[in-house]
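Data first, discussion second: the structure below is written as structure tokens.
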Amino acid sequence: MDRKELLTKFYVYKEFDELKSILVNSKNAREQDILARIYLEEKNYSEAASIYQKIGMLYEYGRCILLCGNTEETKHIWNSLSEDNPAVYWGRSLLEFIDLYVMHIPTFFQIRAFLEVDLDALLNAKLITYCENIVNGAHLLAQNNPESYKFIGRVFVNNKYFELAELFLKKAKDVCYVDPEVHFLLAKCYLNQKDVKRAKESLKTSMAKGYGYFPAKKLLKEITTATNL
């Protein structure tokens, strides 16, 4: 199977069972990486960790161990790696947020690249205390990247924690009122509260700030059609 077909089956069609049967005996590191990602999708973090350790992808190995809930072993793994890799610096900082002892705030681009992905993964791993500790440090993350509030809010919206999402999105709105996505995400929170009026107002603001921001326009049309029935 060539790489294009492999990635299509993984990302587009999500044919995980078929791919596992094909890749389980593969000696190719790239194919083993895809197999590990399948296990991550299935929340089989220990199996993914075993593969990453075997193929020498030690940052990813440490991340899987973190998703298993073992911060001390994750520290040991990540502390053995060079800081030349931005992901390693991010990971070490993330552990400081989890431990509520922050000494190193990640850079603008590290926050942009990793915060949302890792917060979502930790939520899906049911590591709620870790998530609480991270978002309690949102004001520190926002020092280097003001979009941090929006990233956190978007994760909470996507995971249907709408009340928490609203708290962070309102902070995001205070920081960057002109961001159309913030108003769009807030509209979803208001819809969860069945407050259609506020949702429509937020969507109209989103469209005004985003020059007809299409997701807001689409959702407003759907709401209008549904409420006029």
Side-chain angles (χ1 to χ4, degrees), residues 1-70 73-74 77-78 80-92 94 106-127 130-131 145 147 150-161 180-181 184-185 188 210 213-219 222:
M1 183 183 301
D2 63 34
R3 185 159 179 80
K4 182 178 179 181
E5 184 182 359
L6 180 65
L7 294 176
T8 299
K9 284 181 176 290
F10 177 71
Y11 287 109
V12 179
Y13 298 113
K14 300 187 182 298
E15 296 175 348
F16 295 160
D17 288 339
E18 180 185 345
L19 285 172
K20 281 192 292 185
S21 66
I22 294 171
L23 300 177
V24 67
N25 294 316
S26 172
K27 305 299 182 184
N28 182 288
R30 287 185 176 180
E31 292 182 350
Q32 286 288 294
D33 177 28
I34 294 294
L35 181 59
R37 293 189 196 189
I38 291 171
Y39 285 125
L40 280 172
E41 289 285 333
E42 296 177 340
K43 301 181 185 179
N44 188 343
Y45 306 119
S46 59
E47 193 65 40
S50 177
I51 293 171
Y52 280 130
Q53 183 182 29
K54 180 174 66 176
I55 63 178
M57 296 180 67
L58 297 184
Y59 175 78
E60 291 77 5
Y61 168 49
R63 185 172 181 271
C64 292
I65 296 299
L66 176 61
L67 293 173
C68 289
N70 190 336
E73 180 62 20
T74 303
I77 296 165
W78 283 348
S80 71
L81 303 178
S82 170
E83 283 189 10
D84 291 343
N85 183 342
V88 173
Y89 187 94
W90 159 261
R92 292 179 184 176
L94 183 68
T107 67
F108 176 94
F109 289 108
Q110 287 162 2
I111 293 168
R112 189 166 194 172
F114 300 112
L115 172 60
E116 198 167 353
V117 173
D118 284 345
L119 182 60
D120 183 75
L122 291 166
L123 269 180
N124 278 284
K126 308 301 182 186
L127 295 168
Y130 292 4
C131 297
N145 190 329
E147 285 190 295
K150 182 180 77 171
F151 298 151
I152 293 169
R154 186 161 57 197
V155 170
F156 284 141
V157 166
N158 291 339
N159 286 278
K160 302 188 186 308
Y161 291 95
E181 188 179 13
F184 171 72
L185 292 169
K188 290 191 171 185
Y213 187 65
F214 180 75
K217 183 177 180 180
K218 181 174 181 289
L219 183 56
E222 291 171 359

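Here the structure is a predicted model, which means the values were calculated and not measured.
- Applying the salt bridge (charged side-chain N to carboxylate O under 4.0 Å, His left out) criterion to Glu18, with sequence neighbours excluded, gives Lys9.
- Among pairs with a residue in residues 2-35, those fulfilling ring pair (Phe, Tyr, Trp, His ring centres under 6.0 Å) read Phe10-Phe16, at least two apart in sequence or across chains.
- Pro215 pairs by the side chain to side chain contact (heavy atoms under 4.5 Å, CB included) definition with Phe184, Tyr213, not counting sequence neighbours.
- Screening residues 19-57 for ring pair (Phe, Tyr, Trp, His ring centres under 6.0 Å), with sequence neighbours left out, gives no hits.
- Lys218 pairs by the salt bridge (charged side-chain N to carboxylate O under 4.0 Å, His left out) definition with Glu222, not counting sequence neighbours.
- Contacts of Lys27 classified as side chain to side chain contact (heavy atoms under 4.5 Å, CB included), with partners at least two apart in sequence or in another chain: none.
- Every residue was checked against the side chain to side chain donor-acceptor pair (under 3.5 Å) condition with Ser50, not counting sequence neighbours, and none meets it.
- Contacts of Lys126 classified as side chain to side chain contact (heavy atoms under 4.5 Å, CB included), with partners at least two apart in sequence or in another chain: none.
- Lys20 meets the side chain to side chain donor-acceptor pair (under 3.5 Å) test with Glu42; sequence neighbours excluded.
- Legend: residues meeting side chain to side chain contact (heavy atoms under 4.5 Å, CB included) with Glu116, ordered by chain and number and at least two apart, are Phe151, Arg154, Val155.
- Under the salt bridge (charged side-chain N to carboxylate O under 4.0 Å, His left out) criterion, Asp120 pairs with no residue, sequence neighbours left out.
- When the salt bridge (charged side-chain N to carboxylate O under 4.0 Å, His left out) test is applied to Glu60, no partner is found at least two apart in sequence or on another chain.
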